[in-house]
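Input: a single structure, listed below in structure tokens.
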Amino acid sequence: MILPTLLGAQTPSLTLKDGGIEFPDGSIQSSAASTVPAPVRETGQTRCFDASGAEIICDGTGQDGDLRPGAEWPATRFTDNGDGTVTDHLSDLTWLKDAGCFGFDVTWTNAFVEVDELNSGIDKGCPDYSAGSFDDWRVPSILELVSLIDYGTSSGLPDGHPFLFTGIGTCTYWSSTTDLNTTTKAWVGVFGPSTTASSVTSTPKSGDFCLWPVRRGSWG
């Protein structure tokens with residue numbers, strides 16, 4: 001596949017039948033015809049229900065539990081790295097093993113301060129984590145928080161998840177994502193082994209909630 005350079009970019013002269021584009025100099029961009037699927041993952045839901053909430057056989061319903069669309073989950077979802085961190089192989093993100101290390105009374109503004117201090121090497125007392133091991137921690141975006149949710153469980157946490165991570169309760173976790181409808185609020189995720197339902201909502205940035213830092217995966 002030949003792509004025109006950004007400098008002196010050309011105007012397409014012909015759209016090919018397969019969706020590709022031919023430029024005046026004869027170069028062809030065939031990416032539009034790619035058969036590589038978008039990296040949308042399975043939700044984890046394997047059961048089906050009718051409108052009254054009763055569980056039913058999935059075959060032929062067209063529900064998520066029937067079709068299970070999306071890329072398959074890895075055989076091993078999580079790996080304890082032995083250094084106070086856990087890697088999620090579904091998203092390729094790495095989380096602090098202790099999800100409760102920063103307590104339950106962190107404001108949205110202070111969440112960024114705490115992460116900056118963690119990156120600078122200040123010891124926050126997180127079990128098994130050596131201060132200064134990594135300097136690229138961040139407050140997760142709301143999509144990164146949501147990537148942890150298994151929609152096939154009421155708590156929102158995948159099987160085995162509570163046994164690898166520590167400090168998880170029924171907690172509201174800050175994201176770095178502001179609610180653009182009300183910019184004094186930020187999006188948060190609520191989930192944990194003791195909750196009856198996971199949820200995503202927005203809440204005032206002045207509230208006191210939990211912080212669960214994340215860092216890039218192997219490709220990030």
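Note that the coordinates shown come from a computational prediction; the quantities given were computed from them, not determined experimentally.
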Within-4.5 Å side-chain heavy-atom neighbours: [X] and [Y]:
X      : Y      : result
Phe104 : Cys171 : yes
Asn81  : Thr94  : yes
Trp108 : Pro204 : no
Trp212 : Leu148 : yes
Ser176 : Ser141 : yes
Arg216 : Asp136 : yes

Nearest non-hydrogen partners of [X] and [Y], listed with the distance:
X      : Y      : value
Trp73  : Thr43  : CZ2-O, 3.5 Å
Leu145 : Ser175 : CD1-CB, 3.9 Å
Ala131 : Gly121 : CB-O, 3.2 Å

Donor-acceptor pair, [X] side chain versus [Y] backbone, under 3.5 Å?
X      : Y      : result
Ser91  : Ser147 : no
Thr107 : Asn110 : yes
Thr76  : Phe78  : no

Working to the nearest 0.5 angstrom, can you tell me the gap between [X] [atom1] and [Y] [atom2]?
X      : Y      : atom1 : atom2 : value
Cys58  : Leu67  : SG    : CG    : 9.0 Å
Asp88  : Leu93  : CG    : CG    : 6.5 Å
Arg215 : Leu118 : CZ    : CG    : 10.5 Å
Asp59  : Cys48  : CG    : SG    : 8.5 Å
Leu96  : Asp83  : CG    : CG    : 9.5 Å
Tyr129 : Thr85  : OH    : OG1   : 8.5 Å

Practice task
Mind checking salt bridge (charged side-chain N to carboxylate O under 4.0 Å, His left out) for Asp66 and listing every partner two or more places apart, or none if nothing turns up?
Solution key: none
Exercise for the section: Quick one: list whatever passes salt bridge (charged side-chain N to carboxylate O under 4.0 Å, His left out) with Asp80, sequence neighbours left out. Expected result: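 Applying salt bridge (charged side-chain N to carboxylate O under 4.0 Å, His left out) to Asp80 gives Lys97.
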Problem - Where at least one partner belongs to residues 65-152, residue pairs that pass disulfide bond (SG atoms under 2.5 Å apart), sequence neighbours excluded - result: Cys101-Cys126
Exercise for the section: Just grab all the salt bridge (charged side-chain N to carboxylate O under 4.0 Å, His left out) pairs involving residues 43-52, residues at least two apart or on different chains. Expected result: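 Listed once each, the pairs are Arg47-Glu55.
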Exercise for the section: For residues 99-110, pull every pair meeting salt bridge (charged side-chain N to carboxylate O under 4.0 Å, His left out), keeping only residues two or more places apart or in separate chains. Expected result: none
Problem - side chain to side chain contact (heavy atoms under 4.5 Å, CB included) between Asp64 and Glu42, worked out - result: CA-CA 9 Å; Asp64 184 11; Glu42 291 180 347; over 6 Å; no
Handout entry: Distance-only donor-acceptor check, side chains His89 and Thr79, under 3.5 Å
Key =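 Looking only at side-chain atoms, Thr79 and His89 do form a donor-acceptor pair, the distance falling under 3.5 Å.
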If the condition is side-chain contact (heavy atoms from CB on, under 4.5 Å), which residues does [X] pass it with, not counting sequence neighbours?
X      : result
Ala51  : none
Glu114 : Phe102, Glu117, Lys124, Leu211
Asp116 : none

Problem - Under the ring pair (Phe, Tyr, Trp, His ring centres under 6.0 Å) test, residues paired with Phe49 that sit two or more places apart - result: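 Phe49 satisfies ring pair (Phe, Tyr, Trp, His ring centres under 6.0 Å) with no other residue.
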Handout entry: Those residues that, when tested against Tyr173, pass side-chain hydrogen bond (donor to acceptor under 3.5 Å, both in side chains) (two or more places apart)
Key = none
Exercise for the section: Only counting residues at least two apart or in another chain, list the ones meeting side-chain hydrogen bond (donor to acceptor under 3.5 Å, both in side chains) with Thr201. Expected result: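 Once residues adjacent in sequence are excluded, Thr201 has no partner under the side-chain hydrogen bond (donor to acceptor under 3.5 Å, both in side chains) criterion.
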Please list every donor-acceptor pair under 3.5 Å in which a side-chain atom of residues 178-191 meets a protein atom from a residue at least two apart or in another chain.
residue: Thr178; atom: OG1; partner: Lys205; partner atom: NZ; Å: 3.0
residue: Asp179; atom: OD1; partner: Asn181; partner atom: N; Å: 2.9
residue: Asp179; atom: OD2; partner: Ser202; partner atom: OG; Å: 2.8

Problem - Step-by-step side chain to side chain contact (heavy atoms under 4.5 Å, CB included) determination, Arg138 to Glu144 - result: CA-CA 11 Å; Arg138 61 179 179 271; Glu144 288 173 325; 2.5 Å; yes
